[in-house]
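By convention in this document, chain letters (A, B, ...) are assigned in the order of the sequence lines, proteins followed by strands, and residues within each chain are numbered from 1.
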Number of protein chains: 2
Amino acid sequence: MVELFTPQLDTIFHALGDATRRHMLSDLASGERTVSQLAEPFSISLAAASKHIKALENAGLIRREVRGRTHFCRLEPGPLASAHEWLSHYQRFWTGRLDALEELLRREDTLKSPSPNRDDTKGDDR
Amino acid sequence: MVELFTPQLDTIFHALGDATRRHMLSDLASGERTVSQLAEPFSISLAAASKHIKALENAGLIRREVRGRTHFCRLEPGPLASAHEWLSHYQRFWTGRLDALEELLRREDTLKSPSPNRDDTKGDDR
DNA sequence: CAGATATTCAACCGCATGGTTGAATTATTC
DNA sequence: GAATAATTCAACCATGCGGTTGAATATCTG
């Protein structure tokens, strides 16, 4: 179907909406990192970093493996793929390319006939 | 550089982190909508919808054109493309494929250290 | 002009967020 | 066993968010 599991997208996009967390992800792109390593570039407390990491973990964006007293984090690609896929749905808007489905929708729109979904024909045109 | 203009990504991803706003965007994908039309599917006040719309506008995700007393909103693809592009940096993690940028980074990496893959254990004792 | 329509503004509420600090937990090391 | 290291927990604080309601601002219409 067109729509993904939206509550997950909520937490994924929310996690991505913070520069610190995006930076952590980009750090994790080059390999496994411990909590302290992830926290190091920022001038925030370790507790604050821990919360960020938990947000990422909660969104499924990273996975944590505890070895001894150290927590190692690794990137988990699935949710990133989901977000990417959701955005791909709008790709036609910046590429200008239409696929079959979009062409259909667009045809209806230019014909100005009542759409299948919402027939708000009460509005005047200009 | 790998990173886009991060403050913009903050607001873009934040705007996308709400199901109501994502729904509005998907509505706008089939064409121009007024504020009331955008608000209609949800059981929230018009003022609340207005705030959502302002968040989308603020992130540059939509553009507003006022004709008479009615505000028409249209999708603005640029920021969506930015978000999509940012996520694309991580595409290799779920496709297993390397893009050009990654190949470059990786080439540098393999030149520096013998470890070919992403395990860069730097001087870690034990 | 009066009234209806479309939308925003302003004040408020409850709750989540991102930050802090200090104590607690768990694991390693001497 | 005691000290140190890695991380979380708990309490707290300021700020922002998503929601509400009621008034305000334009604009269209009769």
Shorter than 3.5 Å, N or O on both sides, protein versus nucleotides 13-17 of chain C: list them out with atom names.
none

Interface polar pairs with nucleotides 1-3 of chain C, N/O, under 3.5 angstrom:
none

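Checking side-chain atoms of B:Y90 against main-chain N and O of A:S26 turns up a donor-acceptor pair under 3.5 Å. A side-chain donor-acceptor contact under 3.5 Å links B:R22 to the backbone of B:L16.
Contacts of A:T70 with the nucleic acid, taken as non-hydrogen atoms under 4.0 Å apart, involve only primed sugar atoms and P, OP1 or OP2. Residue contacts shown for B:L46 include a base, since a base heavy atom lies under 4.0 Å away.
The two residues A:A49 and A:I44 come nearest to each other via the heavy atoms N-CD1, 3.8 Å. A:L61 approaches A:P79 most closely through the heavy-atom pair CD2-CB, 3.8 Å. Listed here is the closest heavy atom pair of A:D10 and B:A19: OD1-N, 3.3 Å.
A:S45 has a side-chain polar atom (N or O) that falls below the 4.0 Å cut-off from OP1 or OP2 of C:dT20. For C:dT8, the OP1/OP2 oxygens have a side-chain nitrogen or oxygen of B:S50 closer than 4.0 Å.
Residues from residues 51-59 of chain A that place a heavy atom under 4.0 Å from any atom of DNA chain D, listed by number: A:K51, A:K54.
When the options A:I62, A:L38, A:I53 are evaluated for a side chain to side chain contact (heavy atoms under 4.5 Å, CB included) with A:R33, the one that passes is A:L38. Of the options B:R67, B:R63, B:R64, a salt bridge (charged side-chain N to carboxylate O under 4.0 Å, His left out) to B:E32 is made by B:R67 and by none of the others.
Atom-to-atom, CZ of A:F42 to C1' of C:dG18 comes out at 14 Å; the value is rounded to the nearest Å. Following rounding to the nearest Å, B:I44 (CD1) and C:dT8 (P) show an atom-to-atom distance of 12 Å. Atom CG of B:D10 is separated from atom P of D:dT15 by 19 Å (rounded to the nearest Å). Atom pair A:E65:CD and D:dA6:P shows a separation of 18 Å (rounding to whole Å applied).
Sequence neighbours left out, the pairs with a member in residues 39-65 of chain B that pass ring pair (Phe, Tyr, Trp, His ring centres under 6.0 Å) are B:H23-B:F42.
For B:H84, the ring-ring contact (aromatic ring centres under 6.0 Å, His included) partners at least two apart in sequence or on another chain are A:H84, A:W94. Residues passing the side chain to side chain contact (heavy atoms under 4.5 Å, CB included) test with B:S45 are B:A47, B:A48, sequence neighbours excluded.
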* Would A:R21 and A:L25 count as a side chain to side chain contact (heavy atoms under 4.5 Å, CB included) if you check the C-alpha gap in whole Å, the side-chain angles of each, and the deciding distance to 0.1 Å? -> CA-CA 6 Å; A:R21 290 191 288 261; A:L25 285 180; 5.8 Å; no

